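Data block below; observations after.
These numbers were taken from a predicted model, which means no experiment stands behind them.
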Amino acid sequence: MSLTPRQLSLFGVEAREPTPGDLAGLLAGPGQVVRMGGTARVSVVVDAGWRVHVLVAELTLRGLAPTWSPTEVDGHLGVRTSYSTALATLGVAWLRGAVKRPPPGFFLDGRRLRLWVAAAGAPDDAGYTLRLGANDEGQWDQVGAALAAVGLPAALLGPRAGGPAYRVTGRRRLARLGELVGDRPSPAPQECWPG
C-alpha cells in the first residue's frame, strides 16, 4: 500500500504553528470570552466527552491551562481556559463592552476551524454544520463571510431550522473542510469529523 502525499493548504492546520489567537475559531462559534484586568479567559459549552478531550489537548498545545466541568444543562460540559495574558489581545479584539463581535479583518484558517469543529461541528443529512452562539446574531454575517473567504460558502440555518449554525454542503466543499481542519484527533468518532 502506497501513501499518496497530500498537498498542503495555505490555510490548513499545517500552514503555521498553533497560537492562542486560534481560539478565535471558538469565538466564531458558540465560545465566549471574558476579560479581567490584563487577562482574558475563553470558554465553550460542548455536548460530548470526546469534544472535551480534543479541546483540552488543543488548548494545552497552545500553552493554555484548560479545565472542564459538567454544566447545569443535561449532558453538556463546559471547557475553559484559565485567565491568561496570552488571551488578552483576543479579549480586547472580540469584546465591545460585554458583547462579542469579530474584529475588523477577522479570518478563518485551518487551526481556527479545527477548534470550531472540535467544539461545535457535526455531520447532518445535508452536509456538515458548524454551530453558532445563540445570542451572537450580530456576528453571523461576518463569520459567514470568513467561511466563504476560505472556500467554504455555507448556508445559515436559523433557530427554526435547527440552528443557529452554518451548513457546508457539496462534496468539494466538504473535502475542503476536511483538508483545512486536518486529520481526525483520536478521541473524535470517525463519523463526527469532516473528511
Side-chain angles (χ1 to χ4, degrees), residues 11 22-34 42-52 54-55 58 68 70-80 90 93-104 106-182 184-185 188-195:
F11 298 101
D22 297 338
L23 275 67
L26 292 177
L27 300 179
Q32 298 296 318
V33 62
V34 177
V42 174
S43 61
V44 65
V45 174
V46 299
D47 61 5
W50 72 263
R51 295 185 191 279
V52 171
V54 173
L55 288 171
E58 291 284 344
W68 68 274
T71 67
E72 294 181 14
V73 179
D74 290 337
H76 287 80
L77 304 159
V79 178
R80 68 181 182 189
L90 198 67
W94 276 80
L95 288 176
R96 311 289 180 274
V99 179
K100 180 180 82 167
R101 291 280 187 271
F106 168 69
F107 67 94
L108 289 166
D109 62 11
R111 295 234 178 250
R112 291 174 176 199
L113 280 166
R114 186 175 179 85
L115 292 177
W116 190 3
V117 164
D124 68 11
D125 292 340
Y128 196 89
T129 59
L130 295 163
R131 195 167 42 86
L132 298 160
N135 299 317
D136 299 335
E137 189 171 347
Q139 76 175 35
W140 295 347
D141 288 344
Q142 195 173 351
V143 169
L147 279 168
V150 291
L152 296 172
L156 178 61
L157 304 177
R160 291 183 184 172
Y166 272 104
R167 178 184 285 147
V168 178
T169 59
R171 196 170 36 145
R172 280 186 158 162
R173 291 178 188 158
L174 292 170
R176 172 78 173 148
L177 177 61
E179 169 190 303
L180 288 170
V181 300
R184 176 182 64 87
Q190 185 79 41
E191 66 276 8
C192 294
W193 199 258

For the pair [X] (side chain) and [Y] (backbone), establish whether a donor and an acceptor sit closer than 3.5 Å, ignoring hydrogens and angles.
{"X": "Lys100", "Y": "Asn135", "result": "no"}
{"X": "Tyr128", "Y": "Gly178", "result": "no"}
{"X": "Arg51", "Y": "Leu77", "result": "no"}
{"X": "Arg176", "Y": "Val150", "result": "yes"}
{"X": "Gln142", "Y": "Pro103", "result": "yes"}
{"X": "Thr71", "Y": "Gly78", "result": "no"}
{"X": "Arg96", "Y": "Ala93", "result": "yes"}

Can you tell me how far apart [atom1] ([X]) and [atom2] ([Y]) are? Round to the nearest 0.5 Å.
{"X": "Arg112", "Y": "Leu23", "atom1": "CZ", "atom2": "CG", "value": "9.5 Å"}
{"X": "Arg80", "Y": "Gln32", "atom1": "CZ", "atom2": "CD", "value": "13.5 Å"}
{"X": "Arg101", "Y": "Gln139", "atom1": "CZ", "atom2": "CD", "value": "7.0 Å"}
{"X": "Asp109", "Y": "Leu180", "atom1": "CG", "atom2": "CG", "value": "8.5 Å"}
{"X": "Leu90", "Y": "Leu26", "atom1": "CG", "atom2": "CG", "value": "9.0 Å"}
{"X": "Leu130", "Y": "Leu152", "atom1": "CG", "atom2": "CG", "value": "8.0 Å"}

- What residues, two or more places apart in sequence or in another chain, satisfy ring pair (Phe, Tyr, Trp, His ring centres under 6.0 Å) together with Trp94?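 Applying ring pair (Phe, Tyr, Trp, His ring centres under 6.0 Å) to Trp94 gives Phe106.
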- Among Leu132, Val44, Leu27, Val181, which one satisfies side-chain contact (heavy atoms from CB on, under 4.5 Å) with Trp116?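 Answer after filtering Leu132, Val44, Leu27, Val181: Leu132.
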Side chains of residues 188-195: which donor-acceptor partners sit under 3.5 Å, not counting sequence neighbours?
| from | atom 1 | to | atom 2 | distance (Å) |
| --- | --- | --- | --- | --- |
| Gln190 | OE1 | Arg184 | NE | 3.3 |
| Gln190 | OE1 | Arg184 | NH2 | 3.4 |
| Trp193 | NE1 | Gly182 | O | 3.1 |

- Test side chain to side chain contact (heavy atoms under 4.5 Å, CB included) applied to Leu147 and Leu113, step by step: CA-CA 9 Å; Leu147 279 168; Leu113 280 166; 3.9 Å; yes
- Query: Shortest non-hydrogen contact from Ala118 to Leu55?
  - Reply: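 Looks like CB-CD2, 3.9 Å.
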Does a side-chain heavy-atom distance below 4.5 Å link [X] with [Y]?
{"X": "Leu174", "Y": "Thr169", "result": "no"}
{"X": "Arg173", "Y": "Pro153", "result": "yes"}
{"X": "Glu58", "Y": "Pro185", "result": "no"}

- Message: Once side-chain contact (heavy atoms from CB on, under 4.5 Å) is applied, do any residues pair with Asp124, and if so which ones, sequence neighbours excluded?
- Response: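 Result, side-chain contact (heavy atoms from CB on, under 4.5 Å) vs Asp124: Ala126, Thr129, Arg167.
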